[in-house]
Amino acid sequence: MVKQKLIENSMFTIDNILIVAYFLSFWIRFFTDLSFFVMSIIWFCVGCAIVIYTYVYYLSSRKLWKILFVIDSIAFINSIINQNGKVASVAIVFIAQSFGILLYKNRNRLIFAEKMSLITIIYLFFQVYISKPVKISSWEYGIIISKLLGGNSASIVICMCLSIYALSRYNAGKHIEYWPFLVNVIIAYKIGGNGGILSSLVFFILIFFLDRKSGKFSRKKILIFSGIALLIIIWKKYYVYLFQLVTNDNSRLWMWRNYWDCMMESAKNIFFGASVDSIELLAKQKNIHNTYINWHYCFGLIPFLAFLYLIFRSTLIYLIEKRYLILIISFVLFLRAATDEASFAFMPLWSYMWLDFVEKADRENEIGIKES
């Protein structure tokens, strides 16, 4: 028993080495402009090593892995049939799932993942302020950190890191500091983009609403903040801007409406994912700027429904059990993923929650069998 404890507390465990390796390969692939093919192979190999390791040495993960193997296989077949050129997206999702299961395996000792997450946030903070805005379209300027990481994707990575940080502190019974979430707000305003700004504000506010001792929402904080926020919105007439944001011509709403029209053209498009080659903007970008719609576009109907079911089912558990911190993370991820493609960063966190859901279901079944 003592020997087992020493092994678990050691820095040089296989789990810690794989966590560090995943972050390093993730950084090299997304944060640099080195050989895309080579860096992708390295990241993919690290992910495959995690898949094999978690499947062999973490028996609780096997049920979820079997489910994911089936879903990802269907996604791979559908991505070939729909010819949207998104076969590589299946590999990205598969590798990201492995990291989520590794995080859940180490949920009570995520200190290495927490430190790597904070380093990532600080690095991106300086990169955002060092990088000069460049022209990314005929009318828009933006921050470009690498070929794979622009302003929107950087805010998604930071959101992922904040979630890992919060989970680590929560599971270890430590206070969640506010400064990383405030840094996220500052970065979001520098980068721009309504989705990133909104999600960063919501994340900071909801974390602030949590009582540090009880882990529950503080009614006093909510009432005071809501009153002040309402007065500012009315005084500064921010409600006019919010109304215009929803009602004015919005490129994302335009994409989603057009994709809906494409999907409804045939049963084949509904089941396998719709081609958007007839829509000039979408045909060029190959990105619907909505993670959930992208799941249908890339992977087809069954993976789309399966992933959504796992997300909503696990979120419902957190709501019922009043695990407010993880409920906040789940809500923020859902919100941020609704306006951009975020699977490459959020899939580990969703996998963490899915395994939580699967393990809870297994425990309840065991209790039911014993009682009967």
Side-chain angles (χ1 to χ4, degrees), residues 51 54-55 60-79 81-82 84 86 89-101 103-104 107 156 159-160 163 167 256 259-260 263-264 267-274 288-324 326-366 368:
V51 172
T54 53
Y55 190 86
S60 297
S61 72
R62 290 187 179 180
K63 183 175 180 180
L64 178 60
W65 265 130
K66 289 173 183 177
I67 295 171
L68 293 178
F69 284 145
V70 172
I71 296 172
D72 294 345
S73 297
I74 294 172
F76 180 78
I77 294 169
N78 287 348
S79 66
I81 293 173
N82 63 36
N84 284 325
K86 290 290 184 178
S89 297
V90 182
I92 291 173
V93 164
F94 179 67
I95 295 309
Q97 288 165 352
S98 73
F99 186 53
I101 291 174
L103 289 177
Y104 191 77
R107 59 192 176 279
I156 290 169
C159 188
M160 172 195 76
S163 300
L167 283 172
W256 302 339
Y259 181 75
W260 173 263
M263 183 183 71
M264 296 305 293
K268 176 182 176 294
N269 286 353
I270 292 174
F271 193 82
F272 295 109
I288 317 296
H289 287 276
N290 180 301
T291 303
Y292 318 109
I293 298 177
N294 269 346
W295 283 344
H296 183 273
Y297 167 65
C298 299
F299 309 143
L301 184 63
I302 292 177
F304 164 75
L305 293 177
F307 287 150
L308 283 184
Y309 169 76
L310 288 168
I311 288 174
F312 285 122
R313 192 68 183 86
S314 56
T315 302
L316 182 61
I317 288 175
Y318 298 132
L319 180 62
I320 293 171
E321 295 183 348
K322 298 181 180 179
R323 295 162 67 180
Y324 296 114
I326 310 183
L327 188 63
I328 288 172
I329 293 173
S330 183
F331 175 73
V332 172
L333 296 184
F334 185 83
L335 181 67
R336 185 67 188 92
T339 55
D340 282 296
E341 167 52 45
S343 295
F344 75 102
F346 290 175
M347 189 59 73
L349 295 157
W350 283 320
S351 300
Y352 177 105
M353 297 174 186
W354 297 344
L355 188 52
D356 205 7
F357 158 56
V358 170
E359 281 204 349
K360 178 179 173 56
D362 287 343
R363 286 194 299 269
E364 289 178 348
N365 289 335
E366 287 177 8

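Starting from 1, each residue takes its place in the sequence as its number. All values reported here derive from a predicted model rather than from experimental measurement.
- Considering Phe99, Trp65, Phe76 as possible partners of Phe94, the one that fulfils the ring-ring contact (aromatic ring centres under 6.0 Å, His included) test is Trp65.
- Rounded to the nearest 0.5 angstrom, Leu349 CG and Leu103 CG are separated by 7.0 Å.
- Listed here is the closest heavy atom pair of Thr291 and Asp340: OG1-O, 2.7 Å.
- Aromatic ring centres of Tyr297 and Phe304: separated by at least 6.0 Å.
- Taking CE from Met353 and CZ from Arg323, the interatomic distance works out to 10.0 Å, rounded to the nearest 0.5 Å.
- Under the rule for a side chain to side chain contact (heavy atoms under 4.5 Å, CB included), the partners of Tyr309 that lie at least two apart in sequence or sit in another chain are Arg313, Phe357.
- Nearest approach of Ala337 to Tyr292, heavy atoms of both residues: CB-OH, 3.2 Å.
- Judged purely by atom type and a 3.5 angstrom limit, Asn290 has no side-chain atom pairing as donor or acceptor with the backbone of Thr339.
- The minimum heavy-atom distance linking Gln97 with Asp72 is given by the pair OE1-OD2, 2.6 Å.
- With respect to Asp356 and Lys360, no salt bridge is recorded, no charged nitrogen being found less than 4.0 Å from a carboxylate O.
- Summarising the geometry, atom CZ belonging to Phe271 is positioned 8.5 Å from atom CD1 belonging to Ile81; distances are rounded to the nearest 0.5 Å.
- Between Ser351 and Gly100, the shortest heavy-atom distance links the atoms CB-CA, 4.0 Å.
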TODO: Show the numbers, then the answer: is there a side chain to side chain contact (heavy atoms under 4.5 Å, CB included) between Leu167 and Arg107?
DONE: CA-CA 8 Å; Leu167 283 172; Arg107 59 192 176 279; over 6 Å; no

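- Rounded to the nearest 0.5 Å, atoms OG (Ser330) and CD1 (Ile311) are 7.5 Å apart.
- Counting heavy atoms from C-beta on, the side chains of Leu68 and Trp354 come closer than 4.5 Å.
- Between the side chains of Ser314 and Trp350, not a single donor N or O lies within less than 3.5 Å of an accepting N or O.
- A distance of 9.0 Å separates CD1 in Ile329 from OH in Tyr318, rounded to the nearest 0.5 Å.
- Under the 4.5 Å side-chain criterion, counting only non-hydrogen atoms from C-beta, Phe346 is not in contact with Phe334.
- Remark: side-chain polar atoms of Thr54 are not paired, donor with acceptor, to backbone N or O of Ile101 under 3.5 angstrom.
- Taking 4.5 Å as the limit, some side-chain heavy atom of Thr315 sits within range of a side-chain heavy atom of Leu327.
- Between the Asn82 side chain and the Asn269 main chain, no donor and acceptor come within less than 3.5 Å of each other.
- A heavy-atom distance below 4.5 Å is found between the side chains of Leu355 and Glu359.
- Counting only heavy atoms from C-beta outward, the side chains of Ile74 and Phe299 never approach each other to under 4.5 Å.
- Put simply, the side chain of Ser163 gets close to the backbone of Cys159: a donor and an acceptor are under 3.5 Å apart.
- Taking 4.5 Å as the limit, some side-chain heavy atom of Val51 sits within range of a side-chain heavy atom of Phe69.
- Without hydrogens or angle criteria, His296 side chain to Ile270 main chain gives a donor-acceptor distance under 3.5 Å.
- Residue Ser343 comes nearest to Pro348 through the heavy atom pair O-CD, 4.3 Å, listed as atom of the first residue, atom of the second, then distance.
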